[in-house]
Amino acid sequence: MGNVINVESLTEGISENYDGTYRFAPIQEAQVSRAMIKRYFETMYDRAISDVVIVGAGSAGLSCAYHLATNRPDLKITIIEANVAPGGGAWLGGQLMSPMVIRKPADAFLRELDVPYEDEGPFVVRVAGVVTNWTLVALNHDTQSCMDPNTITAPVVRLVSAGLLKELGNMRGLDMNRAEPAIVNNTREVAPGLIMTGMELSEHDGSNRMGPTFGAMLASGIKAAKEAMRSYDAATIEAGKVVG
């Protein structure tokens, strides 16, 4: 017979009192290491073969994952994120201001998740928390490329976004009315098995920047999920590889 662990004896003496007598259950550092390592590598082993891999846990990646998991719970979905937290540009908005603007009809996704918002007519505003640590601009600018400015409209600076000049870098200038429908409608499989969406698609196509508005990110994630399901169902797959 194997060893029998008496759980009650391991939790004796613990106390959740906040009068100066709060006591944790005893633990060894090696137990912590083993608990983390075991589960981490079990997950990595299991996910070495996945049905769908989503690179980036920003607004588009998370909405894509949610739509896939909701509509196809049979698929094994893996999300890869370079940062220490999900959310992408949602943490930053326009110059690190916390309210998030989402143009209709993408607000339907917020209602599906029961996320409260303020209705401003053609768009809604999700307000959550207050960002005060502006140091993030300097510390994270190299890894977080979607830091958007507040906009000041003038005819001269809009020449680029109007398409009269060549794109700046990998994108054209900021133009929300051009950018958002372009990102959603052009979300597609750019190479076999590679579906591009969100900011990456904007850079790939050289389209306009969306600026600090997130409707297209959410909707393009949903469009990417639909494209992923279509692509997956059209293929013959064995051990994670397309064989026909």
Side-chain angles (χ1 to χ4, degrees), residues 1-93 96 98 100 109-110 112-116 126-147 198-200 217-218 221 224-225 228 232 237-241:
M1 294 180 61
N3 295 328
V4 177
I5 299 175
N6 188 335
V7 176
E8 290 186 2
S9 66
L10 295 178
T11 57
E12 287 180 358
I14 67 173
S15 173
E16 193 185 1
N17 292 323
Y18 294 90
D19 58 1
T21 60
Y22 194 107
R23 292 191 300 274
F24 288 95
I27 198 170
Q28 298 294 325
E29 285 80 2
Q31 289 178 289
V32 175
S33 297
R34 284 179 169 176
M36 295 190 298
I37 292 169
K38 179 177 182 292
R39 288 160 179 80
Y40 177 81
F41 282 102
E42 283 177 349
T43 301
M44 290 294 290
Y45 183 88
D46 177 64
R47 294 293 162 154
I49 297 178
S50 299
D51 294 318
V52 179
V53 175
I54 299 172
V55 182
S59 301
L62 292 177
S63 63
C64 178
Y66 177 85
H67 193 79
L68 279 171
T70 302
N71 291 275
R72 290 293 300 274
D74 57 304
L75 297 180
K76 185 187 292 185
I77 304 162
T78 300
I79 304 176
I80 299 173
E81 169 57 45
N83 213 329
V84 296
W91 297 109
L92 305 174
L96 291 180
S98 55
M100 175 186 289
F109 186 68
L110 297 184
E112 184 175 349
L113 297 178
D114 264 341
V115 175
R126 163 66 176 155
V127 181
V130 178
V131 178
T132 59
N133 187 5
W134 287 61
T135 307
L136 288 174
V137 177
L139 292 179
N140 206 36
H141 192 269
D142 290 338
T143 58
Q144 183 57 270
S145 62
C146 52
M147 183 80 66
M199 294 291 289
E200 287 72 22
M217 299 295 286
L218 298 177
Y232 184 88
I237 300 171
E238 294 180 3
K241 295 183 179 181

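Atom CD of Gln31 is surrounded by more than 12 heavy atoms from other residues, nucleotides or ligands within 6.0 Å. More than 12 heavy atoms of other residues, nucleotides or ligands sit less than 6.0 Å from atom OH of Tyr22. Applying the 6.0 Å contact sphere to CD of Gln28 captures no more than 12 heavy atoms from other residues, nucleotides or ligands.
Closest of all the heavy-atom pairs between Ala228 and Leu68 is CB-CD2, 4.3 Å. Taking every heavy atom of both residues into account, Gly221 and Ser63 meet most closely at CA-OG, 3.3 Å. Between Asn71 and Pro73, the shortest heavy-atom contact is C-CD, 3.5 Å. Taking each heavy atom of Ile54 and Cys64 in turn, the nearest pair found is CD1-SG, 3.9 Å.
In this structure, the ring of Tyr45 has its center no less than 6.0 angstrom from the ring center of Phe41.
Expressed to the nearest 0.5 Å, how far CD1 of Ile37 lies from CZ of Arg39 amounts to 11.5 Å. Rounding to the nearest 0.5 Å gives a distance of 9.5 Å between CZ of Arg47 and CD1 of Ile79. With rounding to the nearest 0.5 Å, the separation of CE in Met100 from CG in Leu218 is 7.0 Å. The distance from the OH atom of Tyr232 to the CG atom of Leu75 is 5.5 Å, given to the nearest 0.5 Å. To the nearest 0.5 Å, atom CG of residue Leu62 and atom CE of residue Met217 are 10.0 Å apart. The CE atom of Met36 sits 5.0 Å away from the OG atom of Ser33 when rounded to the nearest 0.5 Å.
Every pair passing salt bridge (charged side-chain N to carboxylate O under 4.0 Å, His left out) that includes a residue from residues 74-83 is listed here, sequence neighbours excluded: Asp46-Lys76, Arg72-Asp74.
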